[in-house]
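Before any comments, here is the structure.
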Amino acid sequence: QYADGIQGQTFQPLNSGKLISVKAGVSARTATDNIQVNLYDAPNGNLLATSDANVNVPYIGTTFNFVTGTWNFSNANFTLVANTTYFLEFKTVGGTGMFIGNTLDTYPRGTLYKGSTPGSLAQLSTHDIDCLISYGAAGGWDASVLSVENGGTGVSTSCLLYTSDAADE
């Protein structure tokens, strides 16, 4: 159900600041592929920024070999504006399906979208992508959702996380 070649999350930063990086857990569905992250003004919208490099996600015979990827945006030199809606797209370069860490709809400022081709994205309002979006001159950060595993029990807790103070990291 969530193994499309393109998945993304709308979000609204609480503060303005330069986009630094995005971190998320991804898994190849059927073959090794590279995943690129792009920033748009809306789902199926206008491209605003592209990650400096792709993250390689190996397929090792299981569809749940999650890799934590970090996509940097230092070359994009793009500034997020507070309370503006953006769309963060995770896209396989080779077009294969992928899984991305997500959780139930706990982020009130956006939602998950998925599709197989550009322009075909559909809203999945029951879930959000589990990712960390770093931005701001002081290294401030925002998180759409952050899941924390509790003591190895396999139970996860979701929480909203917002700050513009790097000392809080």
Problem set entry | Expected output: side-chain S51 to main-chain A53 donor-acceptor under 3.5 Å | yes

Exercise. Which distance, rounded to the nearest 0.5 Å, do you find between the CD of E89 and the CG of N44?
Worked result: 9.0 Å

Exercise. Looking only at heavy atoms, what is the nearest atom pair of T10 and P43, with distance?
Worked result: CG2-CG, 3.8 Å

Seminar exercise, completed: Smallest heavy-atom separation, S21 atom then F73 atom, equals CA-CD1, 4.2 Å

Problem set entry | Any residue meeting side chain to side chain contact (heavy atoms under 4.5 Å, CB included) with T32, in chain and number order, not counting sequence neighbours | N56, P58, Y59

Exercise. Partners of N46 by side chain to side chain donor-acceptor pair (under 3.5 Å), sequence neighbours excluded?
Worked result: D41

Exercise. Between Q36 and N38, does any side-chain donor sit less than 3.5 Å from a side-chain acceptor?
Worked result: yes

Problem set entry | Taking every non-hydrogen atom, the tightest pair across L88 and L39 | CD1-CD1, 4.2 Å

For this session: Not counting sequence neighbours, which residues clear ring-ring contact (aromatic ring centres under 6.0 Å, His included) with F87? List them please.
Result: Y113

For this session: Indicate, with yes or no, if V93 and V37 share a hydrophobic cluster defined by side-chain heavy-atom contacts under 4.5 Å among Ile, Leu, Val, Met, Phe, Trp and Tyr.
Result: no

Problem set entry | I35 side chain near V57 side chain, heavy-atom distance below 4.5 Å | yes

Problem set entry | Results of side chain to side chain donor-acceptor pair (under 3.5 Å) for N72 - residues two or more places apart only | none

Seminar exercise, completed: By side chain to side chain donor-acceptor pair (under 3.5 Å), T85 pairs with (sequence neighbours left out) Q12

Exercise. Counting N and O atoms only, with roles assigned by atom type, does the side chain of T68 sit under 3.5 Å from a partner on the main chain of G25, one being a donor and the other an acceptor?
Worked result: no

For this session: In sequence, state the C-alpha distance, the side-chain angles, and the governing distance for Y135 and N15, and then conclude on side chain to side chain contact (heavy atoms under 4.5 Å, CB included).
Result: CA-CA 9 Å; Y135 67 98; N15 301 296; 4.1 Å; yes

Problem set entry | Verdict with supporting geometry, T84 and F11, side chain to side chain contact (heavy atoms under 4.5 Å, CB included) | CA-CA 8 Å; T84 300; F11 72 99; over 6 Å; no

Exercise. Between the side chain of W71 and the main-chain N/O of T50, is any donor-acceptor distance below 3.5 Å?
Worked result: no

Problem set entry | Partners meeting side chain to side chain donor-acceptor pair (under 3.5 Å) with N54 (sequence neighbours left out) | none

Exercise. Just by modelled atom types, is the V81 backbone N or O under 3.5 Å from a matching donor or acceptor in the Y86 side chain?
Worked result: yes

For this session: Of all the heavy-atom pairs spanning S16 and A82, show the shortest one and how long it is.
Result: OG-N, 2.9 Å

Problem set entry | Under 3.5 Å side-chain donor-acceptor pair for S74 and D52 | yes

For this session: Show the numbers, then the answer: is there a side chain to side chain contact (heavy atoms under 4.5 Å, CB included) between I6 and L121?
Result: CA-CA 8 Å; I6 301 173; L121 300 178; 3.5 Å; yes

Problem set entry | Check: I129 main-chain N/O paired with Q9 side-chain donor or acceptor under 3.5 Å | yes

For this session: Determine, stepwise, if the pair I133 / L19 fulfils side chain to side chain contact (heavy atoms under 4.5 Å, CB included).
Result: CA-CA 8 Å; I133 303 164; L19 178 60; 4.0 Å; yes

Problem set entry | Heavy-atom pair with the smallest gap, counting every atom of Y40 and G45 | CD2-O, 3.4 Å

